Structure formats: C-alpha cells, structure tokens
Amino acid sequence: MARKRGKFGLAFIERLFGKKEEKQESFFTKELKSPLNGKVVNLSDVDDETFASGTMGQGCAIEPEEGYIFSPCDGVVSVLPQECYALGITSLEGIDILIHVGLDTIKLGGKYFTANVKEGDSVKAGQLLLKFDMEGIKREGYSLVTSVVVSNTDDFASATTIVRPGDSVKTENTLLVVEN
C-alpha cells in the first residue's frame, strides 16, 4: 500500500478542480479518536459555510470542554499554520484530518494558542498537539466550536461520524470511521 502524504489543502483544491488521486487498493477500516473532549455538533450546524457545506470534507464539530487537542491517530503533522488555530494530521493510511479550533480564530494571530508539535513531526494517537485558552478566546468574542473533518474524503469510500450530535465524546472514544 502506497503511503499518501499530502496537505489537507491539496485535497480541497483537487476537489474544486476535479483531479482525483487513485484510490487505495487494499480495503481497510480506520477508527479515528476524538481529538478533544466535548459535545458533538452536526457539521451542517457550524456557522461557517465552508465547513457546514462539506466543502472541506466530511466529519463533525465539537463544542470543547477543555482547551486541549490530541492526535486522533498515529501519523504526521502535515499542516500547522503559524497562528496555531488549526492543524492537519496525515494518518499512516493517508487519511488527512483537519482540526480547526473555533470560528474565524485566525484573526487572533496566534494569541491564546500554543503548539506542542511542529509541522513534519510524527505523532502517536492520544499525543497532546495543541493547547488553547478557552476563556481568552471567548472573551475576544469567538466561538470555540471545533471542526474535525477528513479533508480528503473523496479518496475513500466513506468517512462517518459515529457519535450522535448532542452526545458527549472523550478523547479515548472513536469519533470517525474511514473506509476505503
């Protein structure tokens, strides 16, 4: 099985312009853990059309209980903007997971965010990736709803959220299941 490593933005651009990568040849089912503790929200209910429409990929959102993001799987940090408001993980199977903390939090310029990893780092499931100051972000008037999407959804047969909206999820729980 060829290891696909790409930036989550590449999948988005390819979706817009119609380029398709070859599907992986062997069948697998991959469970992705929740990257944070909180209450699950339908992605379509996120107040950001890019996520709500599914343009960035399939997944869900989580209203966080704590200001910590953990790796949902073993993989590599494929994207980490300087402002640390979002990050991308590419799993060992080639699944690109985008975790975007809050809405419009790029405007904070990195204030209230601390990365515990850097782009290119190998990570293990459950490893602390990012810390964020929930109270500081809320004081600035930003929503904390965190989108968790498989940004290269089209490369797989399915990417399914298995926790019902409104239910609480913990980092030890499976949140998404991806099949090819």
Side-chain angles (χ1 to χ4, degrees), residues 1-12 24 28-41 43 46 48 51 56-103 105-106 108 110 112-134 137 144-156 158-163 167-180:
M1 169 172 63
R3 183 174 167 183
K4 292 195 286 189
R5 295 177 67 185
K7 302 217 183 274
F8 69 89
L10 180 60
F12 172 70
Q24 294 187 12
F28 70 84
T29 298
K30 177 68 177 176
E31 294 183 356
L32 301 173
K33 301 294 184 190
S34 179
L36 65 166
N37 297 325
K39 185 187 278 190
V40 175
V41 176
L43 197 58
V46 172
D48 180 320
F51 286 103
M56 292 302 291
Q58 296 301 307
C60 65
I62 298 174
E63 185 67 52
E65 292 175 358
E66 305 170 311
Y68 301 100
I69 301 292
F70 297 91
S71 184
C73 59
D74 293 349
V76 174
V77 178
S78 51
V79 174
L80 181 60
Q82 180 178 344
E83 299 85 2
C84 301
Y85 63 94
L87 56 89
I89 302 291
T90 300
S91 78
L92 300 178
E93 298 79 12
I95 303 165
D96 291 333
I97 303 108
L98 169 62
I99 305 164
H100 190 287
V101 179
L103 302 176
T105 49
I106 187 174
L108 292 170
Y112 307 116
F113 294 93
T114 304
N116 285 38
V117 293
K118 62 186 182 312
E119 197 169 303
D121 282 357
S122 292
V123 294
K124 295 287 186 187
Q127 180 178 335
L128 180 63
L129 305 174
L130 185 70
K131 297 177 191 174
F132 57 99
D133 178 351
M134 291 177 56
I137 294 169
L144 291 169
V145 172
T146 299
S147 296
V148 181
V149 299
V150 174
S151 61
N152 61 342
T153 301
D154 290 344
D155 291 349
F156 303 98
S158 65
T160 307
T161 303
I162 63 165
V163 180
D167 285 355
S168 291
V169 67
K170 299 289 183 191
T171 57
E172 62 268 14
N173 300 136
T174 298
L175 178 67
L176 298 164
V177 174
V178 178
E179 296 180 328
N180 77 338

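Keep in mind that what you see is a predicted model, and the values were worked out from it rather than measured. Computed over heavy atoms, backbone and side chain alike; hydrogens, waters and symmetry mates excluded.
Atoms CG and CZ, on N116 and F70 in that order, are 9.0 Å from each other to the nearest 0.5 Å. Taken to the nearest 0.5 Å, the CG atom of L87 stands 6.0 Å off from the CG atom of L80. For the atom pair CD (E66) and CZ (F132), the distance works out to 9.0 Å, reported to the nearest 0.5 Å. Distance check, rounded to the nearest 0.5 Å: CG of N173 to NZ of K33 gives 7.5 Å. Atom-to-atom distance recorded for H100:NE2 and D48:CG is 7.0 Å, nearest 0.5 angstrom. Taking SG of C60 as the reference point, atom CG of L175 lies at 4.0 Å (rounded to 0.5 Å).
Between V177 and E31, the shortest heavy-atom contact is CG2-CG, 4.2 Å. Pairing each heavy atom of C84 with each of F113, the nearest pair is O-CD2, 3.3 Å. Between G75 and I89 the shortest heavy-atom distance is CA-CG2, 4.5 Å. Heavy atoms only, all atoms of each residue included: A86 and P81 are closest at O-CD, 3.1 Å. Nearest heavy atoms, F156 versus E179: CB-O, 3.2 Å. Of all heavy-atom pairs between F28 and N180, the closest is N-OD1, 2.8 Å.
The shortest side-chain heavy-atom distance between F51 and V149 falls under the 4.5 Å cut-off. Side-chain contact between L176 and T160 is absent, with no heavy atoms from C-beta onward closer than 4.5 Å. Between N37 and S168 there is no side-chain heavy-atom pair separated by less than 4.5 Å.
Donor-acceptor pairing under 3.5 Å is lacking for the side chains of D96 and S151.
Other residues, nucleotides and ligands contribute over 12 non-hydrogen atoms within 6.0 Å of the CD atom of E63.
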Check your understanding: Can you list the steps and then say if L144 with L103 is a side-chain contact (heavy atoms from CB on, under 4.5 Å)?
Key -> CA-CA 7 Å; L144 291 169; L103 302 176; over 6 Å; no
Point to revise | Steps toward side-chain hydrogen bond (donor to acceptor under 3.5 Å, both in side chains) verdict (Q58, T153) | key: CA-CA 6 Å; Q58 296 301 307; T153 301; 5.5 Å; no
Exercise for review: For V178 and T29, run side-chain contact (heavy atoms from CB on, under 4.5 Å): C-alpha distance rounded to whole Å, both residues' side-chain angles, the deciding distance at 0.1 Å, then the answer.
Suggested key: CA-CA 6 Å; V178 178; T29 298; over 6 Å; no
Review point. Can V145 and I62 be said to form a side-chain contact (heavy atoms from CB on, under 4.5 Å), step by step?
Key: CA-CA 6 Å; V145 172; I62 298 174; over 6 Å; no
Review point. Would I95 and T90 count as a side-chain contact (heavy atoms from CB on, under 4.5 Å) if you check the C-alpha gap in whole Å, the side-chain angles of each, and the deciding distance to 0.1 Å?
Key: CA-CA 5 Å; I95 303 165; T90 300; over 6 Å; no
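Judged by distance alone, the side chain of S71 and the main-chain N or O of C73 form a donor-acceptor pair under 3.5 Å. A donor-acceptor pair is defined here as one N or O able to donate and one able to accept, closer than 3.5 Å; such a pair exists between the side chain of S91 and the backbone of E93.
None of V101, L130, I69, L129 except one satisfies the side chain to side chain contact (heavy atoms under 4.5 Å, CB included) rule with L36; the exception is I69.
With sequence neighbours excluded, the residues forming a side chain to side chain contact (heavy atoms under 4.5 Å, CB included) with K124 are D74, Q127, listed by chain and number.
The pair K170-E65 meets the salt-bridge criterion, with a side-chain N (NZ, NE, NH1 or NH2) lying under 4.0 Å from an Asp/Glu carboxylate O.
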